[in-house]
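Remarks on the structure that follows.
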Amino acid sequence: MASIVHWLLPKEEKFFQMLQEQCSNVVDGANEFKNLVNNYNEMDYSRKRDFIKKIKDIEHKGDNLTHKIIGILDKTFVTPIDKEDIHRLAVLLDDVIDLIDSTAERLIIFKIDKIDSYIKDSTDVVLKIVKEIEQGVVGVSKLKNMNQFYINVHTLENKGDDLYRGALSSLFNKKGLVDIIKYKDIYDFLENITDKCEDIANVIESIVVKHA
Amino acid sequence: MASIVHWLLPKEEKFFQMLQEQCSNVVDGANEFKNLVNNYNEMDYSRKRDFIKKIKDIEHKGDNLTHKIIGILDKTFVTPIDKEDIHRLAVLLDDVIDLIDSTAERLIIFKIDKIDSYIKDSTDVVLKIVKEIEQGVVGVSKLKNMNQFYINVHTLENKGDDLYRGALSSLFNKKGLVDIIKYKDIYDFLENITDKCEDIANVIESIVVKHA
Amino acid sequence: MASIVHWLLPKEEKFFQMLQEQCSNVVDGANEFKNLVNNYNEMDYSRKRDFIKKIKDIEHKGDNLTHKIIGILDKTFVTPIDKEDIHRLAVLLDDVIDLIDSTAERLIIFKIDKIDSYIKDSTDVVLKIVKEIEQGVVGVSKLKNMNQFYINVHTLENKGDDLYRGALSSLFNKKGLVDIIKYKDIYDFLENITDKCEDIANVIESIVVKHA
């Protein structure tokens with residue numbers, strides 16, 4: 001596994017390039033989401049809507065990339081098991097950008113008027129973990145040693161968990177009942193994003209396992 | 001893929017017939033659920049309970065179909081990968097009827113006394129999407145061109161999402177706090193059903209991918 | 001399938017031994033969780049924290065076991081499909097202990113001061129179902145007849161569902177609004193544990209299916 005010998009055939013390489021494109025789109029979405037969150041408390045409604053629209057556009061671009069990958073996969077001979085994994089990664093990356101989009105939308109739908117420090121910190125973790133995933137997809141296509149990748153994703157996911165726990169434990173002290181429901185929902189979404197990234201790391205791990 | 005050549009061996013065909021039976025049972029459940037929802041506001045408690053029981057019976061029939069498929073799969077030689085996909089479809093179809101049953105039950109458990117327009121509209125989407133899934137399972141067994149199927153499921157899932165967003169955004173204006181919690185839970189369930197149908201579409205897509 | 005002929009190669013047997021170790025760690029966690037729940041109402045805060053810590057240690061041990069399995073799997077030649085299933089079981093068993101840990105933590109985070117009968121009864125079901133899973137992992141490695149295993153897991157999962165339904169239906173009568181939110185969250189977690197165990201049973205079923 002530590003070897004750097006190239007294992008991908010040209011066709012498979014093409015898919016990993018497309019998966020990387022999908023990853024970089026997810027990172028774009030996480031970046032815009034961070035911009036929204038960091039400036040949310042000072043923005044007026046129409047500026048917020050602009051950000052939501054920008055993120056929605058990135059989500060649509062993600063849809064198209066996902067279907068492009070699956071469509072080409074459909075017409076290409078790759079070994080069945082590789083096909084399954086590529087398919088699974090494409091679907092999971094699509095889930096991540098969907099979740100980022102849904103979280104952003106919820107801020108508006110719920111008429112949240114103040115981003116709290118948990119949402120801010122957790123958005124940082126989201127951006128960092130999707131950047132790790134991007135590196136992981138590059139790494140697996142080169143059969144790089146992935147130990148550091150697993151550790152990084154795991155560490156970030158744990159940090160996300162800690163933040164989530166902290167947020168839950170202060171949730172019931174500070175907020176009114178309607179806010180408890182709204183913020184809890186948003187916290188749950190943010191935690192789901194990091195969980196989903198761990199699922200991606202697991203698929204990457206299983207690809208490595210099968211090609212070791 | 002556009003070809004209509006038959007790729008299934010007789011044994012695999014038998015499983016797809018059983019999966020179709022499972023699908024048509026899911027459609028039955030969605031139909032009864034729609035009947036319950038459409039007439040809910042005018043029914044008395046015992047009529048509601050009758051519907052819940054009818055749906056529960058369909059759910060039990062679904063359990064039996066699922067276990068029958070898996071039991072026969074158990075004793076039959078099919079290629080390992082086909083086995084896995086058939087198994088996965090059987091489990092997911094079982095999840096869909098379970099979710100329909102759970103959503104119906106929640107109406108009673110939560111003593112919901114008024115079905116709102118979101119629940120009604122979303123139930124329509126559920127019925128349409130399970131009918132699409134039924135067609136998809138028929139289609140994949142004949143290796144039909146499945147592009148329209150993906151588009152339809154995706155479109156319905158998007159419509160479900162839009163309805164869900166609308167429901168969430170009016171939820172906090174209109175209802176009391178206890179109702180917010182109850183209706184949100186039911187909205188989440190309804191949205192899960194369409195999500196699960198998208199998962200089924202993904203498995204169908206991956207079967208097509210592997211047999212292309 | 002009823003035969004007791006040994007199908008595992010020595011290398012695969014080693015993995016099933018490690019999975020059994022993981023299972024017995026999950027059972028340890030469920031046992032401590034039951035001790036916590038059964039004595040919760042009489043314990044002071046620092047005793048509760050001791051239990052939470054004990055469970056957290058078991059969860060960490062679970063992390064290490066999971067990564068050990070995946071790490072060795074990484075360097076070992078087993079057939080690709082077996083690798084995938086072993087990987088999936090390791091990840092799911094890790095999920096179960098994570099969920100037990102999260103549920104226990106929530107009792108403290110939410111400052112729950114009284115364990116109700118649903119939490120108690122449901123914790124009993126959790127302990128029973130993880131013990132079944134432990135037997136299932138032993139059983140599949142010996143290709144024992146697994147029918148009774150499926151029935152037991154299914155029966156326990158149904159019992160968990162019934163308890164959950166009962167808990168939901170009394171939730172809105174008895175508790176204040178903040179408690180409704182807190183207890184519902186804990187009920188959902190407990191139900192997720194039994195659901196996840198059913199997922200494990202499904203993977204075991206699919207292993208049996210493929211090796212039948």
Side-chain angles (χ1 to χ4, degrees), chain A residues 11 15 52 56 59-60 62-64 66-95 98-99 101-113 175-186 188-189 192 196, chain B residues 1-3 79-85 88 140 143 145-147 149-151 153-155 157-158 160-185 187-188 191 194-195 198-212:
Chain A
K11 276 175 191 169
F15 287 110
I52 301 289
K56 175 64 75 194
E59 191 266 330
H60 281 151
D63 276 347
N64 293 336
T66 311
H67 281 88
K68 190 177 139 199
I69 292 178
I70 292 169
I72 300 181
L73 202 54
D74 201 349
K75 301 188 198 79
T76 311
F77 179 79
V78 194
T79 65
I81 280 179
D82 294 331
K83 275 199 174 187
E84 265 212 320
D85 285 324
I86 293 165
H87 191 263
R88 217 177 296 170
L89 282 176
V91 168
L92 282 168
L93 286 164
D94 198 43
D95 288 344
D98 282 356
L99 283 170
D101 175 49
S102 298
T103 313
E105 263 191 329
R106 261 169 168 71
L107 298 175
I108 298 274
I109 288 173
F110 288 169
K111 299 181 186 65
I112 296 289
D113 49 40
K175 317 237 188 225
L177 281 161
V178 170
D179 274 350
I180 288 176
I181 297 171
K182 291 178 176 178
Y183 280 83
K184 185 166 183 306
D185 200 66
I186 290 168
D188 288 345
F189 263 82
N192 278 342
K196 198 62 93 172
Chain B
M1 234 316 284
S3 125
T79 65
I81 280 178
D82 293 331
K83 275 199 174 186
E84 264 211 323
D85 285 325
R88 217 176 296 169
V140 72
L143 270 198
N145 187 313
M146 303 292 282
N147 281 341
F149 166 71
Y150 304 143
I151 293 167
V153 172
H154 197 68
T155 305
E157 204 270 337
N158 276 346
D161 275 358
D162 285 344
L163 288 169
Y164 179 61
R165 263 190 297 269
L168 284 186
S169 93
S170 61
L171 177 67
F172 292 96
N173 303 331
K174 292 185 210 155
K175 317 236 187 227
L177 281 160
V178 170
D179 275 350
I180 288 177
I181 297 171
K182 291 178 176 178
Y183 281 83
K184 184 167 183 306
D185 201 66
Y187 297 168
D188 287 345
E191 207 238 346
T194 50
D195 275 0
E198 209 178 31
D199 291 343
I200 295 179
N202 286 334
V203 175
I204 290 177
E205 212 168 4
S206 100
I207 294 177
V208 172
V209 158
K210 281 180 292 191
H211 289 280

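Note that CG of D199(B) is 8.0 Å distant from CG of D95(A), once rounded to the nearest 0.5 Å. Annotation: the span from L177(A) atom CG to I181(B) atom CD1 amounts to 7.5 Å, rounded to 0.5 Å.
Taking the centre and axis of the six-membered ring of F172(B), the NZ or CZ atom of K111(A) falls outside the cone set by 45° and 6.0 Å.
R88(A) places none of its side-chain heavy atoms less than 4.5 Å from the side chain of N202(B).
For D98(A), the salt bridge (Lys or Arg N to Asp or Glu O under 4.0 Å) test picks out no residue, with sequence neighbours left out.
Contact annotation for V91(A): only side-chain heavy atoms (C-beta onward) come within less than 4.5 Å of a heavy atom of chain B.
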